[in-house]
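In what follows, every heavy atom counts, from backbone to side chain, and hydrogens, waters and symmetry copies are set aside. Atoms within a ligand are numbered from 1 in the order they appear, just like the ligands themselves.
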Amino acid sequence: MGNLTNIDKQFVANTYNRFPIEISHGKGAAVYDTDGKRYIDMGTGIGVTAFGIADDAWKDAVIEQLSKVQHMSNLYYTEPCARLAKLLCEKTGMKKVFFSNSGAEANECAIKVARKYAAEKKGKDYYTIITLENSFHGRTLTTLAATGQEHYHELFCPLTPGFVHTPANDFEALKALALQNKTAAIMIECIQGEGGVIALDADFVKKTAAFAKENDIILIVDEVQTGNGRSGELYAYMNYGIEPDVVSTAKGLGGGLPIGAALLGEKTENVLGFGDHGSTFGGNPVSAAGAVSIIERIDEKLLSDVREKSGYIFRELGSAPGVESVSGMGLMIGIKTKKPAGDVVRACMENGVLCLTAKDKVRLLPSLNMPMEILKEAIAIIKNACKED
Ligand SMILES: *Cc1c(COP(=O)(O)O)cnc(C)c1O
C-alpha cells in the first residue's frame, strides 16, 4: 500500500473500513488499481455506475453540459433538469419530480410530502410513518429514524420522532400498527438492499398498497438501490404491479454523479408549494444531463438483458458448491455462502473481482450493460471463491 493510503488514513474521517485497494481508473466493467491490477467491478460503487466506469455516452452528455453551464441555482430554468423530470414522468406515469443530491435527501423529501399531505388532509397529529424492520433509508437523523435497524441508531438519539417499525411480510401486523397510530405514510423497499438483498413477498406488497390506498395513507417506495433498471424493470414497484404515491431514488440514476429524486404521483404532485422544500445543488445540470443519458437508455431491450443476466447468475450460483441460497431480483443479488461472506469477498478481490456484502451475504450489483463474457469470467471466480477447501 502506498502513499495514498497513508494520507487517507491520516486525514479522512474514519467512517469507512476501506479495502486495501487504491483505485486509479477504469473502463466499462473493469477498474484498475495504482499497481495496474485489473478488477471486474461487481459492485458499481454500490449500484451507482449503472452503465459502467467512464461510459462513453454518459461521459459525452456530462462533458457537453459541463462546457455549457455547470450550475445555476434553482432560481432559473435549465434544460437537463426539465428534460430529466419529463423523461422520468413519461416512463413511470408519475406527475412531478423534486431533485435532491442523494438517496437520504430523496427520502427526506418523500417524508415531508407525506407529512404535509396528511397534516392538511387529516390533521397535524397524523404524522406517524411506518417502515419495515431490517430496512435501510439513509444516514440523516430523519432517515435513520426511518431505518428499521437499531444498530444504526444507538449513539445518535434522539432521532426524529414519529417512526415505527413492523416486520416485513406480516400484513396483519402492519395493518394493526397503521390503525393504532395516526398514520401519514407507509414506506418500503421492495427489495431490502442493505438488509441482505431480500425481496418482499408479492402478496404482502400488494395488500399493503391496497390498504394504503383505502385508508388514504401515502405509500412511499424507496427505490434508491432497486431503481433505474436494477430490478429488471425501470423501478422495482413495477415488478410488483403497484402504484406508489411517492417513489424516491438516487444511486444508479446519476450514473456516477450525485443526484436523487422524489417522484410524486397524482395525490402528491401539488403537496409542496413555493418555499416548502429546496436544495442548492438539487437537479444540478451536469448531474441531470448524465442522468438523462442513463434513463434514456433503460429501454425494454436493456431490461430484458438485465433479466437474462440475472437468470444466468441465479442458475450458476444457485447450484454452486459452498452456496446456500441466492436472493434478490434483476442485477441486485445476495449470495448466502457457507464460508463467511467477508472471506469470499477477499478471495474474489485477490482474484480480480470486486464484490460487496450486505449483512451476512455477498452482494452483487454489476453494471446493467456488463458484457456477457465479462460476467461469465466474474461468476467463475466468485463460484471458485465460494467453494469450501
Ligand atoms: C443507499 C440507500 C439510501 C441512502 O442513499 P444515500 O445516497 O447514501 O443517501 C437510502 N435508501 C436505500 C434503500 C439505499 O440503498
Q: Under the rule for side-chain hydrogen bond (donor to acceptor under 3.5 Å, both in side chains), what residues qualify as partners of Asp125, not counting sequence neighbours?
A: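 Asp125 satisfies side-chain hydrogen bond (donor to acceptor under 3.5 Å, both in side chains) with Lys182 only.
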
Q: Under a strict 4.0 Å criterion on non-hydrogen atoms, which protein residues are in contact with ligand 1?
A: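 Ser102, Gly103, Ala104, Asn107, Phe136, His137, Gly138, Glu189, Asp222, Val224, Gln225, Lys251.
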
Q: side-chain contact (heavy atoms from CB on, under 4.5 Å) with Phe314: which residues, sequence neighbours excluded?
A: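 side-chain contact (heavy atoms from CB on, under 4.5 Å) list for Phe314, sorted by chain: Ser310, Val326, Ile333.
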
Q: Who passes ring-ring contact (aromatic ring centres under 6.0 Å, His included) against His165, sequence neighbours left out?
A: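 Scan of His165 (ring-ring contact (aromatic ring centres under 6.0 Å, His included), adjacent residues dropped) gives none.
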
Q: Without hydrogens or angle criteria, can the side chains of Tyr117 and Asp216 be said to hold a donor-acceptor pair below 3.5 Å?
A: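 Checked: Tyr117/Asp216 side chains pair up, N/O donor to acceptor below 3.5 Å.
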
Q: Side-chain contact test, heavy atoms from C-beta onward, threshold under 4.5 Å: evaluate it for Glu194 versus Thr147 and give yes or no.
A: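 With C-beta onward as the side chain, the pair stays apart.
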
Q: Thinking salt bridges, do Asp55 and Lys59 make one under a 4.0 Å N-O criterion?
A: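 Here Asp55 does not pair with Lys59 in a salt bridge, since their nearest N and O are not under 4.0 Å apart.
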
